[in-house]
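So the structure is just underneath, and the comments pick up after that.
Order of appearance sets the numbers: ligands from 1, and atoms from 1 within every ligand. Nothing here was measured: the structure is a model prediction, and the numbers come from that model.
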Amino acid sequence: MTKIKQINHIAIVVEDIDQALTFWRDALGLELSHVEDVPDQEAVVAFLPAGGSEIELVKPTTDDSGIARYLQKRGAGMHHICLEVDDIEAALSRLRAHGVQLINQTPTIGTGGKKIAFIHPKSTHGVLVELYELNPEEPEIRLMRARQLADRVLTRGQVAAAAALGFLRALRDGERNGEKIVIEEKTK
Ligand code: ZN
């Protein structure tokens, strides 16, 4: 039987990251680990670790993504809860057996090989729920990318080195987060 391991993150849609940080970081006191442009999600995301999980402030960068439409329709607010599971396929079949409406019948594969699927709010009493299974090879894949980048840096010099430092920092933070972050987009 599949197990729910922890809340991985809670995503909050905001109009403006800096303004949102005046509450979440400055007033409340959460630490901001980093801010990332995530082109896959057409959004900028600020990551604020809270124990083993994270608050993610999400600001859409286009007008027509799901998150952008959500913001236009309902204003800023909680967008979804992400639960980490040890076996996402097993979790999905269990949900199907319970007649739960799924947005993704099969998991989508994200950066680093992680598997993600969303459950429809109609079945969850109004909350969009994301399921997330970490690829066991994800940490190695990330490390490999970092090494490849370091090699490139040696041949390209200073400017690339500065970019790489940012990359490695993001990588380290991403490791802590265990998720997402389309790091390689930054290096193109
Ligand atoms: Zn999420």
Task: Heteroatom test (N, O or S) for H79 near the Zn ion (ligand 1), limit 2.8 Å - done: no
Open item on the list: Only to 10 degrees, please: what angle do the OE1 atom of E130 and the NE2 atom of H80 make about the Zn ion (ligand 1)?
Closed with: 90°
Open item on the list: Regarding C82, does it place an N, O or S atom less than 2.8 Å from the Zn ion (ligand 1)?
Closed with: no
Task: E130-H9 side chain donor-acceptor pair, cut-off 3.5 Å - done: yes
Donor-acceptor contacts, no H, no angles, side chain residues 15-27, under 3.5 Å, sequence neighbours left out:
unit_1: D16; atom_1: OD1; unit_2: D18; atom_2: N; d: 3.0
unit_1: D16; atom_1: OD1; unit_2: Q19; atom_2: N; d: 2.8
unit_1: T22; atom_1: OG1; unit_2: Q19; atom_2: O; d: 2.5

Open item on the list: Would you say S123 and Q101 are linked by a side-chain donor-acceptor pair, where the criterion is simply a distance under 3.5 Å?
Closed with: no
Task: Pairs satisfying ring-ring contact (aromatic ring centres under 6.0 Å, His included), at least one member in residues 93-129, at least two apart - done: H80-F118
